[in-house]
Amino acid sequence: MNRLASIPFFKDAEVDLARFETRVRWRNFTPGEILVDFDDPSRDVFFLAAGDVRVLIRTRSGKEVILGEMKAGSLFGELAALDGVKRSANVTALTRGEVCVMSAPVFQEIVFAAPTVAGRVFRLLTSRVRELDARLMEQTVLDLRHRLYSELLRLSVPRQGSETERVVTPPPFHHVLAARIGCRREQVTREFTSMDQEGLIERKRGALVIKRPDLLHARVQAALRDE
């Protein structure tokens, strides 16, 4: 069975993936398992076949900044595979799942042999740079409130059955949001209370409903213009 062909990143790859099947390995992981850690010298690339993981960086004092979460179909570890530098972030499993582990030489061989895959690598890297640029801008010029607005919009998806509302599911923990936007959990709690009183959000079982995403977006854009 050609399992590599089932990986979205290699769809229509224009290269014979079957000959690489014996050069990769598949492994299961459990919640809390560290798949990649800071300063790890390994250069493997990981393709998520199932499960969710979290990407974060940690200061020497132990403070964590969450960069984001990844779901099945995503990949990580490509930077070390391309430049050989030690890992710059930690990737920890949030759920049970399965990952395809590919060595740097195999990854590079496929990329250089398949222009379609090479193009996807370029687009992946540029999208991550743009996202980090946006987060850096927000962290630099926006206050806590507007950083929270922006992060909630980024995490949300359109709510089924509604033309205007968005939803974050499962609802984010306050300490996780704090680690994502660089503040304390208590500050996030206060802002949520204010948003609740203003009718901007609604807590449902298993979800956080954003009632006025248009207003949150407008406030973020106004704050950016003011700066």
Side-chain angles (χ1 to χ4, degrees), residues 31-38 51-71 74 76 88-95 127-227:
E33 183 175 344
I34 295 176
L35 302 178
V36 168
D37 208 356
F38 305 97
D52 300 342
V53 300
R54 173 170 290 153
V55 184
L56 57 86
I57 55 177
R58 184 183 297 117
T59 67
R60 292 186 180 276
S61 63
K63 182 178 180 180
E64 295 182 348
V65 177
I66 296 174
L67 300 181
E69 286 81 33
M70 294 185 178
K71 298 181 178 296
S74 304
F76 57 90
S88 58
N90 169 290
V91 181
T92 299
L94 295 174
T95 66
S127 68
R128 290 185 176 169
V129 169
R130 292 181 189 280
E131 181 179 352
L132 288 174
D133 284 348
R135 291 172 68 97
L136 177 60
M137 171 67 77
E138 293 172 5
Q139 196 70 25
T140 302
V141 305
L142 294 181
D143 59 17
L144 160 66
R145 173 168 297 176
H146 292 91
R147 294 202 307 274
L148 179 58
Y149 289 170
S150 185
E151 192 65 23
L152 289 174
L153 291 172
R154 189 161 29 237
L155 292 172
S156 66
V157 297
R159 187 184 186 189
Q160 189 174 3
S162 173
E163 295 182 359
T164 59
E165 298 175 342
R166 296 180 67 84
V167 63
V168 182
T169 181
F173 292 110
H174 291 191
H175 72 277
V176 171
L177 283 171
R180 293 181 74 104
I181 65 175
C183 68
R184 298 189 304 277
R185 177 183 59 82
E186 295 80 6
Q187 293 175 295
V188 171
T189 299
R190 285 197 295 269
E191 291 300 328
F192 263 68
T193 299
S194 177
M195 294 173 69
D196 196 12
Q197 293 173 345
E198 198 177 348
L200 297 176
I201 58 174
E202 181 180 359
R203 295 176 176 86
K204 293 284 190 179
R205 183 179 177 84
L208 174 72
V209 179
I210 302 177
K211 307 292 289 184
R212 292 292 310 277
D214 58 330
L215 182 56
L216 297 190
H217 178 74
R219 289 179 178 180
V220 170
Q221 293 305 307
L224 288 171
R225 287 195 299 272
D226 291 343
E227 289 295 332

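Atoms CG and CE, from Leu208 and Met195 in turn, are 7.5 Å apart once rounded to the nearest 0.5 Å. Between the CZ atom in Arg147 and the OG1 atom in Thr140 there is a gap of 9.5 Å [rounded to 0.5 Å]. Distance check, rounded to the nearest 0.5 Å: CZ of Arg212 to CD of Glu165 gives 10.5 Å. Remark: Ser194 OG to Arg145 CZ distance equals 4.5 Å, nearest 0.5 Å. Atom CG of Leu224 sits about 7.5 Å away from atom OG of Ser150, to the nearest 0.5 Å. Here the CG-CG distance, from Leu152 to Leu177, works out to 6.0 Å after rounding to the nearest 0.5 Å.
A salt bridge between Glu64 and Arg54 is absent, with no side-chain N of the basic residue lying under 4.0 Å from a carboxylate O of the acidic one.
For Pro213, the side-chain contact (heavy atoms from CB on, under 4.5 Å) partners two or more places apart in sequence, or in a different chain, are Leu153, Arg166, Ile210.
Counting only distance, with no hydrogens or angles, the side chain of Thr193 and the backbone of Thr189 share a donor-acceptor pair below 3.5 Å. Of the possible donor and acceptor atoms, one in the side chain of Gln139 sits under 3.5 Å from a partner among the backbone N and O of Ile181. Remark: the backbone N or O of Gly51 is not paired with any side-chain donor or acceptor of Thr95 at under 3.5 angstrom. Using a distance-only test at 3.5 Å, with no hydrogens or angles considered, no donor-acceptor pair links the side chain of Arg159 to the main chain of Val167.
Using a 4.5 Å heavy-atom threshold, the side chains of Tyr149 and Leu142 count as separate. Contact of the Glu69 side chain with the Ile66 side chain is registered, since non-hydrogen atoms from C-beta on lie closer than 4.5 Å. With contacts defined as side-chain heavy-atom distances shorter than 4.5 Å, the pair Phe38/Leu56 qualifies. Side-chain contact between Arg135 and Glu151 is present, with at least one heavy-atom pair separated by less than 4.5 Å. Between Cys183 and Val188 there is a side-chain heavy-atom pair separated by less than 4.5 Å. The shortest side-chain heavy-atom distance between Phe76 and Val53 falls under the 4.5 Å cut-off.
The two residues Ala207 and Pro171 make their nearest non-hydrogen contact at N-CD, 3.4 Å.
No side-chain N or O of His217 forms a donor-acceptor pair with one of Asp214 less than 3.5 Å apart.
Atom CZ of Arg219 sits in a crowded spot, with more than 12 heavy atoms from other residues, nucleotides or ligands closer than 6.0 Å. Surrounding CZ of Arg184 are at most 12 heavy atoms belonging to other residues, nucleotides or ligands under 6.0 Å away. Crowding of Phe173 atom CZ: a count of heavy atoms from other residues, nucleotides or ligands under 6.0 Å not exceeding 12. Residue-environment remark: CZ (Arg203) exceeds the threshold of 12 foreign heavy atoms within 6.0 Å.
When each of Arg180, Gln187, Glu191 is paired with Leu148, the side chain to side chain contact (heavy atoms under 4.5 Å, CB included) condition holds for Glu191 and for no other.
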